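For clarity, every value in this text was computed on a predicted model and none was experimentally measured.
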Amino acid sequence: MSETGASYAAAGVDIEAGDRAVELMKEWVKKTRRPEVLGGIGGFAGLFDASALKRYERPLLASATDGVGTKVDLARQMGVYDTIGHDLVAMVMDDIVVCGAEPLFMTDYICVGKVHPERVAAIVKGIAEGCALAGCALVGGETAEHPGLLGPDDFDVAGAGTGVVEADRLLGADRIRTGDAVIAMASSGLHSNGYSLVRHVVFDRAGWTLDREVPEFGRTLGEELLEPTKIYSLDCLALTRTTQVHAFSHITGGGLAANLARVVPDGLHAVVDRSTWTPGAVFDLVGSAGRVERAELEKTLNMGVGMMAVVPRESVDVALTTLADRGVDAWVAGEITERGEHTTGAEMVGDYAS
């Protein structure tokens, strides 16, 4: 038996590596700072000056939490760690903005099998860049080392965010009316949903590797699959300032129709016309390589639409101009109608444009 006493390091946890990771990430966290943030990284809690909310008559706080799912495994395999944070921020803050809330701040949780300081700092760099795109501050987080539970190169990320909206500007189903237009905003690709299906298709069914060059993508399979999720937060807020918006729907797990149905009130029905857009090549690849039926694709993937806005018909032109000015590809994809006897909250009709 060894006479050497047990230690945290011997058990696989490197405190010094964790400290170095914190030092490396500080410069990126600093770039997300808002005037309301007090203190810096390294404290036990992030501080946000709530007196900034005094300008609201009745401020409602909106909160959300999420992760990135099995997309993190692709980042691990490719050794690319500075984009997955964009996905995390998008999953959290684009949920928050759906109710019309301004993103305020976010915290993250990074769990690793072994702390590689530069790797952890790269993950935080991506989160910080995502926060800057969403207009929120990254006020703190946690890096946990779980040797024995995760492999040395394994990791996962999660985050939680908070936003604020004036009570009388809260968006949602109660604002939607018959005749409203449904505006679709293009996704940047698969975003961060359905990767268990995607990985099963491209790896198990098709037998492809991440370094495979795919002519339809103009890049490798891995580069396409790791494309960061688009962050719509500031684009959606811009819409609320320039025109009337009745509701937003963030198209994540469950697909387009199911997520849109979440904001459609009882008695009304959203009809989305597939012929108004052509899904990107990656959706066709997953469908054809895995012989996945369209219904299965549509309830799993976003099919090229990452966010939807429901606006009055008279607000369409201003809404589309606002989004175009911000570089967002958007179009009228459907409308709100009375709900029929055999209809539910939302449905997709027609065939995709070729």
Find out if a path of hydrophobic residues (ILVMFWY) with successive side-chain heavy-atom gaps under 4.5 Å connects [X] to [Y].
X	Y	value
L225	V72	no
L237	I183	yes
V245	L234	yes
V328	I231	no

Taking all atoms of both residues into account, what is the closest heavy-atom pair of [X] and [Y], and its distance?
X	Y	result
R274	R294	NH1-NH2, 3.5 Å
L88	D66	CD1-O, 3.5 Å
T162	M93	N-CE, 4.1 Å
T107	L138	CA-CD1, 4.3 Å

Would you say that more than 12 heavy atoms from the other residues, nucleotides or ligands in this model lie under 6.0 Å from the [atom1] of [X], or not?
X	atom1	value
R199	CZ	yes
R205	CZ	no
D317	CG	no
R219	CZ	yes

**Report entry** Any side-chain heavy-atom pair of K114 and D153 under 4.5 Å
**Finding:** no
Query raised in the report: Considering only heavy atoms from C-beta outward, does the side chain of V311 approach that of V316 to under 4.5 Å?
Result: yes
Query raised in the report: W331 vs W277 aromatic rings, parallel, tilted or perpendicular, using cut-offs 30° and 60°?
Result: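 Taking W277 first and then W331, their aromatic rings sit tilted (interplane angle of 30° to 60°).
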Query - Among S249, C236, S233, the one residue meeting side-chain contact (heavy atoms from CB on, under 4.5 Å) with M307 - result: C236
Query - Y232/F248 aromatic ring centres below 6.0 Å - result: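 Between Y232 and F248, the centre distance exceeds or equals 6.0 Å.
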Requested in this report: Using a strict cut-off of less than 4.0 Å between a Lys/Arg side-chain nitrogen and an Asp/Glu carboxylate oxygen, indicate whether R339 and E347 qualify as a salt bridge.
Outcome: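 Salt bridge flag = no for E347 with R339.
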**Report entry** Salt-bridge criterion met for D180 and R313 (N-O under 4.0 Å)
**Finding:** no
Report task. List the steps, then state whether salt bridge (charged side-chain N to carboxylate O under 4.0 Å, His left out) holds for D94 with K230. Result -> CA-CA 9 Å; D94 283 347; K230 183 170 177 56; over 6 Å; no
**Report entry** Donor + acceptor pair across side chains of D211, T220 (<3.5 Å)
**Finding:**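 Per modelled atom types, D211 and T220 side chains form no pair under 3.5 Å.
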Query raised in the report: Can you tell me if E338 and H269 form a side-chain donor-acceptor pair at under 3.5 Å?
Result: no
Query - Euclidean distance, C131 SG relative to L104 CG, rounded to 0.5 Å - result: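 SG of C131 is found 11.5 Å from CG of L104.
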Report task. Carefully, step by step, assess K125 and D82 under the rule salt bridge (charged side-chain N to carboxylate O under 4.0 Å, His left out). Result -> CA-CA 6 Å; K125 170 180 177 287; D82 62 350; 3.7 Å; yes
Report task. For T322 and L239, indicate whether the former's side chain and the latter's backbone hold a donor-acceptor pair under 3.5 Å. Result -> no
